[in-house]
There are 2 protein chains.
Amino acid sequence: MDSKKRKRLEAAGWTFGNAEDFLGMSPEEASYLEVKLTLAREVEAQRKKAGLSQSDLAAKLKTRQPNIARLEKAQQNVTIDALFKTLLVLGLSPRKIAAVL
Amino acid sequence: MDSKKRKRLEAAGWTFGNAEDFLGMSPEEASYLEVKLTLAREVEAQRKKAGLSQSDLAAKLKTRQPNIARLEKAQQNVTIDALFKTLLVLGLSPRKIAAVL
DNA sequence: ACTGGGCATATCCGATATGATATATATTCA
DNA sequence: TGAATATATATCATATCGGATATGCCCAGT
């Protein structure tokens, strides 16, 4: 959710917590969800840092822009392959990937 | 491959290198493959450290032993969910998971 | 040798991740 | 404001992941 939308909803009386609060998730569930989101955000951050558009990155990975968008949005589960191939092609070492966890 | 089998094959004249040597993989390909294998091995290591059989761990995850075997063998790709749920249920924090990368 | 426990393999199936195209929305800038 | 670029969403096809059952192999203990 973007901050603009969030502010509108808050103004309308909504409040916000994390997924654990909201859904009554177990700590493990919340934790792996956080991991997934963290890594997805890292893709976006590194892509922008490299000055690449989603289309540019898609080309490097021989795929298409919408697939990159999905990855960054973490709208669904992701395979290790897809995620790490992406992060590695952005020039991140496994060690640097680990650093964001 | 277990070491016993490997020794037999070596005795029969086979030699061994890593996947990058053998398949002519790109550094990225080799790297994410290593990551995948590292994490798979970590599942096995942590499971044994906890004194659990594959069946025990499967029960904790409400699944079956063969699925754990597949995960540890890394015979196929794995989703972030499956992998991290498993590692987290073994008591590993994201930080500790990162430490093995 | 027999048995039981632990792990691996084969196979089927339902669920879903990935990839593609088309299109919508958002952002930037002249 | 309009055009160009960037990102998001919708939808479909295909590939494959995760779960299940059945079964085989190996080893340890009896």
Side-chain angles (χ1 to χ4, degrees), chain A residues 1-9 26 28-29 32-33 35-90, chain B residues 1-9 11 28-29 32-33 35-90:
Chain A
M1 185 185 307
D2 63 73
S3 61
K4 203 177 303 178
K5 185 171 187 180
R6 175 167 174 159
K7 276 176 188 156
R8 271 193 279 114
L9 289 171
S26 72
E28 292 87 28
E29 286 170 323
Y32 89 79
L33 201 151
V35 166
K36 183 167 63 173
L37 291 176
T38 297
L39 292 171
R41 292 193 195 104
E42 187 65 11
V43 170
E44 182 176 11
Q46 290 295 327
R47 175 178 61 77
K48 288 184 172 169
K49 187 175 172 185
L52 300 174
S53 67
Q54 291 183 345
S55 295
D56 294 336
L57 178 54
K60 275 179 175 289
L61 290 163
K62 301 191 194 307
T63 181
R64 311 288 169 180
Q65 172 269 327
N67 297 323
I68 304 297
R70 256 194 319 214
L71 195 73
E72 292 184 357
K73 282 288 174 185
Q75 287 173 335
Q76 64 185 26
N77 199 2
V78 175
T79 60
I80 300 288
D81 278 29
L83 185 64
F84 278 84
K85 274 185 183 172
T86 303
L87 286 168
L88 291 167
V89 89
L90 282 168
Chain B
M1 187 184 306
D2 63 75
S3 62
K4 201 176 303 178
K5 185 171 187 181
R6 174 166 174 160
K7 276 175 189 157
R8 269 193 281 116
L9 289 171
E28 292 87 28
E29 287 169 320
Y32 89 79
L33 201 151
V35 166
K36 185 166 63 172
L37 291 176
T38 296
L39 291 171
R41 292 193 196 105
E42 186 64 13
V43 169
E44 182 177 10
Q46 289 296 326
R47 175 178 61 78
K48 288 183 173 171
K49 188 175 173 188
L52 300 173
S53 68
Q54 290 183 344
S55 294
D56 294 336
L57 178 54
K60 276 179 175 285
L61 290 163
K62 301 192 195 306
T63 181
R64 311 289 168 178
Q65 174 268 326
N67 298 321
I68 304 297
R70 251 192 326 212
L71 196 73
E72 292 184 358
K73 282 288 175 185
Q75 286 174 336
Q76 65 183 26
N77 198 2
V78 176
T79 60
I80 300 288
D81 278 28
L83 184 64
F84 278 83
K85 273 185 184 171
T86 303
L87 286 169
L88 292 166
V89 90
L90 282 169

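Order of the sequence lines sets the chain letters (A, B, ...), proteins ahead of strands, with each chain counted from 1.
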Next item on the list: Name every residue in residues 39-54 of chain A that has at least one heavy atom under 4.0 Å from any atom of DNA chain C, in order of residue number, or write none if there are no such residues.
Entry: none
Next item on the list: Could you check how far CZ of Arg64(A) sits from C1' of dA10(D), rounded to whole Å?
Entry: 18 Å
Note to self: Rounded to whole Å, how long is the line connecting atom CG of Leu57(A) with atom P of dT7(D)?
What the structure shows: 10 Å
Check: Using rotation axes that map the C1' atoms of four end pairs onto the next four (five pairs an end), what angle separates the end axes of the helix from dA1(C)-dT30(D) to dA30(C)-dT1(D), to 10°?
Finding: 40°
Item checked: Test side-chain contact (heavy atoms from CB on, under 4.5 Å) applied to Asn67(B) - qualifying residues, sequence neighbours left out -> Thr63(B), Arg64(B), Arg70(B)
Notebook entry, point to check: Of all residues at least two apart in sequence or in a different chain, which pass the side chain to side chain donor-acceptor pair (under 3.5 Å) check with Lys48(B)?
Noted result: Glu44(B)
Check: With sequence neighbours excluded, what pairs up with Asp56(B) under the side-chain contact (heavy atoms from CB on, under 4.5 Å) test?
Finding: Leu52(B), Ser53(B)
Next item on the list: Grab the CG-C1' distance between Leu83(A) and dA17(C) for me, whole Å please.
Entry: 13 Å
Checklist line | Whole-Å distance separating the CG atom of Asn67(A) from the P atom of dC12(D) | finding: 17 Å
Next item on the list: Answer yes or no: does a side-chain N or O of Thr63(B) lie under 4.0 Å from OP1 or OP2 of dA20(D)?
Entry: yes
Next item on the list: Determine the minimum heavy-atom distance between Ala82(A) and Val78(A), stating which atoms define it.
Entry: CB-CG1, 4.0 Å
Check: How does protein reach along nucleotides 10-16 of chain C, written 5' to 3' as B (base within reach of a heavy atom under 4.0 Å), S (only sugar-phosphate), or - (no contact)?
Finding: -B-----
Checklist line | Which residues share a side-chain contact (heavy atoms from CB on, under 4.5 Å) with Ala74(A), sequence neighbours left out | finding: Leu37(A), Ala40(A)
Check: Who pairs with Lys60(A) by salt bridge (Lys or Arg N to Asp or Glu O under 4.0 Å), at least two apart in sequence or on another chain?
Finding: none
Item checked: Distance, rounded to the nearest Å, where Gln65(A) contributes CD and dA8(D) contributes P -> 8 Å
Next item on the list: Measure the distance from CG on Asp81(A) to C1' on dT16(D) and round it to the nearest whole Å.
Entry: 11 Å
Next item on the list: Hey, could you give me the OG1/CG distance between Thr79(B) and Leu83(B), rounded to the nearest 0.5 Å?
Entry: 8.0 Å
Check: Between Gln75(A) (CD) and dA8(D) (C1'), how many Å, whole number?
Finding: 8 Å
Notebook entry, point to check: Sequence neighbours excluded, which residues qualify as side-chain contact (heavy atoms from CB on, under 4.5 Å) partners of Gln54(B)?
Noted result: Arg47(B), Gln65(B), Ile68(B), Ala69(B), Glu72(B)
Check: In whole angstrom, what separates Lys73(A)'s NZ from dA17(C)'s P?
Finding: 18 Å
Check: If you measure from CG on Leu88(B) to CG on Asp81(B), what distance do you get to the nearest 0.5 Å?
Finding: 10.5 Å
Item checked: Closest non-hydrogen atom pair between Thr86(A) and Leu57(A), with its separation -> CG2-CD2, 4.0 Å
Check: Do the side-chain N or O atoms of Thr79(B) get closer than 4.0 angstrom to the phosphate oxygens (OP1, OP2) of dA17(C)?
Finding: no
Margin query: To check you understand the geometry: which heavy-atom pair defines the closest contact between Lys85(B) and Leu61(B), and what is its length?
Written below: O-CD2, 4.0 Å
